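Everything on this sheet refers to the single structure shown next.
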Amino acid sequence: MPYGETALPSTGGGILFGGLAGMFYGWNIALCVIILGFLFFGIWRLYRGQKETKEL
Amino acid sequence: MKVFAIVPAHNEEDYIEENVYSLLMQTYPVEKVVVVADNCDDNTVERVRKIEEKFSQVCCIESLDNMHKKAGAINGVLDLIEEEECDVVIIMDGDSVLSMDLLEKAMDFFWEDSDIGGVCSTAYTRKPKRWPLSLVRRMEAKFLWRIQKLEYGGFDAERTATWQSVTILHGLCGVYRLKALKEVGGYALGHLIEDYDLTLCIKEAGWKTKFNPKMKAWTEVPLTFRAFFRQRLRWMRGGVDTLLDHGFNRFTAEDIIHHFLFVLLFLAIIGFTSILVFQGGWAFRFNPHPIPIAVMIVGYFSGIYKLKYVEMRDFWDIIIRATIIPELLLAIIFMGVRIYVYYLALFGRPQEW
């Protein structure tokens with residue numbers, strides 16, 4: 001069976017982390033940018049996969 | 001191309017008949033269906049024998065001395081199959097059922113590209129035939145079934161995103177080129193999740209692994225918290241052990257990076273929470289910085305969008321996903337489980353199946 005989407009908890013983790021990070025100033029923003037990058041990368045890959053698998 | 005099916009089954013009397021019939025009813029013919037009744041002490045064998053009497057292509061093998069669980073049961077049959085008599089092997093769990101055209105869809109890949117080593121299906125959750133009678137047990141079972149239904153939708157979304165080189169040809173239902181299986185020596189014994197290791201071996205041997213969302217398969221899921229967490233502990237530990245075995249290469253790189261990122265995130269979350277607890281007063285002022293807010297919004301709506309991949313989604317699926325809380329709690333618990341798994345793996349602690 002599948003081991004998991006990834007080790008990165010995409011939805012729950014993103015919200016939890018974003019929410020906690022939002023309570024603080026400054027230094028956490030770099031991490032948020034990385035998470036955002038991963039989220040957008042995931043969305044782009046899903047969009048591409050959907051388009052390609054439609055033809056199967 | 002000739003196709004054989006291998007079904008390792010351990011005490012699957014409730015599901016095995018549907019399973020075998022779903023193979024026999026495939027629109028692409030299966031030459032041989034081999035059910036390996038692995039150390040069964042229920043009526044699995046009797047039920048398969050009844051089908052065996054009616055259909056000559058069905059065969060039941062009992063493995064009573066197999067110490068290597070599913071991997072040992074499958075390897076025992078693979079050793080008996082010669083490359084001259086079969087080209088493709090479908091391997092599926094004893095509690096799964098397939099859509100009738102699954103094999104036909106899989107075969108399209110094998111016809112088109114001789115480098116395809118394996119293809120896997122979607123993974124949907126089967127609604128239990130009966131719920132527990134006790135109210136508490138029934139609520140537990142219904143909650144877990146629904147939460148896993150949502151989770152499995154997320155798995156399929158991830159598989160769609162990586163369909164050209166799928167991370168794991170999952171054990172629920174994988175269709176393999178026999179030559180690829182023979183080349184990697186079948187399943188490695190002693191792994192907690194044998195499918196991840198096999199997929200990496202196939203990729204490392206130069207074969208392609210793909211996913212086809214039109215191949216549909218359904219499986220039973222654990223319906224008690226105890227069984228659920230045992231399964232997840234096994235999956236997570238098996239995943240980490242497999243990565244440690246294979247080391248850093250182009251097929252494991254992404255997964256390893258995710259693990260490092262997870263540790264970074266976990267430490268950050270612990271840091272934030274500690275500050276909240278110890279300096280509560282000022283820390284509760286929300287900083288309306290656009291980046292963290294964007295993380296929350298994108299995370300939330302990507303979760304909502306992935307509902308598209310949840311099979312037979314209904315009102316309650318949407319409510320659970322939209323209100324976040326149940327899945328958020330589960331994410332927090334899984335973070336703890338994952339940290340525990342790192343501890344077990346790094347210190348080489350034994351882990352039961």
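Not measured: the values here are computed from a predicted model.
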(request) Counting only heavy atoms closer than 4.5 Å, note whether B:Asp108 contacts chain A via side chain, backbone, both or neither. (result) neither

(request) Please state whether the side chain, the backbone, both or neither of B:Phe211 comes within less than 4.5 Å of a heavy atom of chain A. (result) backbone

(request) Decide yes or no on side-chain contact (heavy atoms from CB on, under 4.5 Å) for A:Leu39 and B:Phe301, but give the supporting numbers first. (result) CA-CA 11 Å; A:Leu39 284 171; B:Phe301 284 103; over 6 Å; no

(message) Given heavy-atom pairs under 4.5 angstrom as the criterion, report whether the side chain, backbone, both or neither of B:Tyr305 touches chain A.
(response) side chain

(message) Please classify the contact of B:Leu329 with chain A as side chain, backbone, both or neither, using a heavy-atom distance under 4.5 Å.
(response) neither

(message) Using 0.5 Å steps for rounding, measure from the NZ atom of B:Lys214 to the CD atom of A:Glu55.
(response) 7.5 Å

(message) To the nearest 0.5 Å, what is the distance between OG1 on B:Thr160 and CZ on A:Arg45?
(response) 11.5 Å

(request) Examine whether an atom of B:Thr162 lies under 4.5 Å from a heavy atom of chain A, and if so say whether it belongs to the side chain, the backbone or both; otherwise answer neither. (result) side chain

(message) So, taking the atom named CD1 in B:Ile293 and the one named CG in A:Leu36, what distance separates them when rounded to the nearest 0.5 Å?
(response) 12.0 Å

(request) Sort B:Lys308 into side chain, backbone, both or neither according to what part of it lies under 4.5 angstrom from a heavy atom of chain A. (result) side chain

(message) Is A:Lys51 close to chain B through its backbone or its side chain, or both, or neither, when contacts mean heavy atoms under 4.5 Å?
(response) neither

(message) Is A:Ile43 in contact with chain B via its backbone, its side chain, both, or neither, using a 4.5 Å heavy-atom distance?
(response) side chain

(request) Identify the two heavy atoms, one from B:Ala157 and one from A:Leu46, that lie closest to each other, and give their separation to 0.1 Å. (result) O-CD1, 3.2 Å

(message) Within this structure, what is the CE-CG distance for the pair B:Met215 and A:Leu56, rounded to the nearest 0.5 Å?
(response) 10.5 Å

(message) Within a 6.0 Å radius of atom CZ on B:Phe229, are there more than 12 heavy atoms belonging to other residues, nucleotides or ligands?
(response) yes

